4 protein chains.
Amino acid sequence: MERRHGQVGRPRSEQARTAVLRAVDDQLLEVGYAAMTMKGIAERAGVSRQTVYRWWSTKAEILFEASAVDAEQELAVEPTGEPVDDLTAYVAALVDFLARSPAGAAYRALLGEAQHDPAVADLLATKDVLGDSARTVIEGVLGAGAGAGPVPVGEATALLIGPAFFWVLSGRDPARLAPRELAETFLRELRARGRH
Amino acid sequence: MERRHGQVGRPRSEQARTAVLRAVDDQLLEVGYAAMTMKGIAERAGVSRQTVYRWWSTKAEILFEASAVDAEQELAVEPTGEPVDDLTAYVAALVDFLARSPAGAAYRALLGEAQHDPAVADLLATKDVLGDSARTVIEGVLGAGAGAGPVPVGEATALLIGPAFFWVLSGRDPARLAPRELAETFLRELRARGRH
Amino acid sequence: MERRHGQVGRPRSEQARTAVLRAVDDQLLEVGYAAMTMKGIAERAGVSRQTVYRWWSTKAEILFEASAVDAEQELAVEPTGEPVDDLTAYVAALVDFLARSPAGAAYRALLGEAQHDPAVADLLATKDVLGDSARTVIEGVLGAGAGAGPVPVGEATALLIGPAFFWVLSGRDPARLAPRELAETFLRELRARGRH
Amino acid sequence: MERRHGQVGRPRSEQARTAVLRAVDDQLLEVGYAAMTMKGIAERAGVSRQTVYRWWSTKAEILFEASAVDAEQELAVEPTGEPVDDLTAYVAALVDFLARSPAGAAYRALLGEAQHDPAVADLLATKDVLGDSARTVIEGVLGAGAGAGPVPVGEATALLIGPAFFWVLSGRDPARLAPRELAETFLRELRARGRH
DNA sequence: GGCTAATCGAGACGGTACGTCACGTCTTACT
DNA sequence: AGTAAGACGTGACGTACCGTCTCGATTAGCC
């Protein structure tokens, strides 16, 4: 009776899985997060409602799985060796992501839900997309181990991301944001604190 | 047939209005924004559902009306004449508001909704609670007309609010935030830009 | 605040009620009891599912309400003064009802359900359609107060109804049943017992 | 490669078959016919759902196979040579079967289903459990070939079974039934008709 | 004091999505 | 070929809230 290796029963349909992830992306753009329903996703994916529920509990979970990979890619910047340029590129990528990318729309929707739904907050807490990307850039600029310096990485992250984050989420025009100035401001502050 | 002045018919019940606003506040704390329903609000207020719909279209509208005044009060700081102290007090008030106050919970819920619901975004755009309070403080520190200086007020606002805003909304622990350091950082940057 | 007389709220829609009762009758004939669903009834009636559930809990309840009146009418026979004729007419009506009438099909379906669903059994127990009609006929033949005679009415009822009831429910051909013989048998037995 | 006689491949598991039949009996008593499901039977039997479906189409089929043998046994009475006693014993057995025996509960459930499900009606028509047992008793009393007498066996069967059958299926209390009186009534009628 | 008109409560209405359940079929690996 | 396991599409279940509607009752200004 015992089964030692290999899976038992019919294997999960990879086709169904990707169809759902694609459907949730489409639905987000077409009808928006609020109007998105489990039923609608299933129908759009050509998959039964039961199958959706078998693998995901909420639309937030599906959206998270569907957008996490994209988010990481869109927030990665190649280091050039020049701190100001790297930081500027990152801030620009951040604004693009938050304000213009589909994956960013998903992220904003989830972060919005997280403000009043603890389950979604927990979900987002499993992967700090913004914080991770910012830390990577900051450490690339300062050298690894920068967190041991005068500014803890967590706080530095907030200084770097905060202004752009607030700008976009409060509904301000992303075109009126100057990534290079934010990058320079951040660098200036790092150096100022270093002098103490 | 036309009536030029004065309303005809039974006047709106002020009692019903305040009961609804109170109910929406209570419900937010008790069940949270997501689980809040028009039906629940009506029942909690001891008012018919029709009456709620007669005066508000969505729970967001009610919540906005119920929390706007509180928000303004909680974000106002008395000027002391000492820039660092004023800014520190403001940042502290901001964190308290966002992370600990009921009115702040309402604001975060609405801002969250706004990320995926244009109607709520429009609603929030009618009153820039955070921006206005920040501008008041900044102008108090620099003197009015500071916006004409080297840093536009809008951008300065983002620099001041951004880090704390991101910190709280991304689910980080508000206790680990140092308002005074953020205030000093902000002041340093203002002066640095002034030297150009 | 107190309301002394008259109904409160929107009154129940008589149109919806009759549409549902009619729909359940139609569905029984068209798709049969087993394939009948609350959803199907609602759609057929042009009524929302919620409205059906508001007034009835199960399809059995609806069917019972829809067929009870018909059943009573179909089982009523006019007394002629001649016992054998009255009893024969009744048995004939009983066979017609059970084997050929829509209301009888409803009754058989409900009685069938009642064999394995206590809720339906309770429902049927609220109105003994067959027993009542038989008692009326028997008392018409013997004179009221016949129950005080040698044969309790309950038992007499079983003697009169039983054979035809078994015949139809066990799937035998109703055409091969001779109502007059059953009526004569019943009368003979009544007299035989009277002689003891 | 070809195999000429005997079956090819793994033979049907007798263990699985009996486990299913036992499970369906258990389930009938524990949860009742209505709440009995193919899934539940399979799990209870420790057998895969597919295996159940391979050998039976519906729960009615399984139940029929599981209870038919028991039914026959419970309705068989040993002849004593005394007509009244034999008939009385039979009626008593019939009432016990219908009202108190697990196999009888299965029979009632199936007969109930048959009232609104033609497939079940066909199934039951393959074996006239009640009719056969009654015919055996009647022929034992009258001598074989009794059907050629004044009362066709089919009709006699209905006279003998009908009252008790109606009594139980219409939900009346089986304890208030007098088997001996029904047996005597039946005998009286047989003799009365014989005199014509 | 009667009339008109808008509000209020209650609650029924048609909708639509929810999350669950059982159905009967299928696709694996194993025996 | 039979079996256990379990995913699949299907479709009804009963519930919840949506926003609208129809009632009777209430409360004001106006004639």
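The shown structure was predicted, so the numbers you read here are calculated from the model rather than taken from an experiment. Lettering of chains follows the sequences in order, A, B, ..., and the numbering in each one begins at 1.
- Remark: the backbone N or O of L169(B) is paired with a side-chain donor or acceptor of Q115(A) at under 3.5 angstrom.
- Note: CD1 (I41(B)) to C1' (dG19(F)) measures 14 Å, nearest angstrom.
- Looking only at distances, no side-chain donor or acceptor of T51(A) sits under 3.5 Å from a matching main-chain atom of V47(A).
- Interface residues of residues 11-39 of chain A facing DNA chain E, ordered by number: P11(A), T37(A), M38(A), K39(A); criterion, heavy-atom separation under 4.0 Å.
- Side-chain atoms of K127(D) do not come within 3.5 Å of backbone N or O of A68(D) as any donor-acceptor pair.
- G46(D) comes within 4.0 angstrom of the backbone, heavy atoms only, and of no base.
- Heavy-atom distances under 4.0 Å link DNA chain F to V47(A), S48(A), R49(A), Q50(A), T51(A), R54(A), W55(A) of residues 47-57 of chain A, given in residue order.
- Residue G9(C) is the one, among G9(C) and G40(A), whose nearest nucleotide of DNA chain E lies closer to the 5' end (criterion: closest heavy atom).
- For R108(D) and E113(D), the salt-bridge test fails: no basic side-chain N is under 4.0 Å from an acidic carboxylate O.
- With rounding to whole Å, K59(D) atom NZ is found 15 Å from dG24(E) atom C1'.
- One interatomic measurement links the two molecules: CD of E61(B) to C1' of dG19(F), which rounds to 14 Å at whole-angstrom precision.
- Sorted by first and then second residue, the pairs that involve residues 24-34 of chain C and meet side-chain hydrogen bond (donor to acceptor under 3.5 Å, both in side chains), not counting sequence neighbours, are D26(C)-R44(C), E30(C)-R44(C).
- For R54(B), the CZ atom is densely surrounded, since the number of other residues' heavy atoms within 6.0 Å is greater than 12.
- With W55(A) as the aromatic partner, R17(A) does not meet the cation-pi criteria of under 6.0 angstrom to the ring centre and within 45 degrees of the ring axis.
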Between F64(A) and V120(A), is a side chain to side chain contact (heavy atoms under 4.5 Å, CB included) present by the stated rule, with each step listed? CA-CA 9 Å; F64(A) 184 67; V120(A) 179; over 6 Å; no
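- A donor-acceptor contact under 3.5 angstrom links the side-chain atoms of R10(A) to the base of dC26(E).
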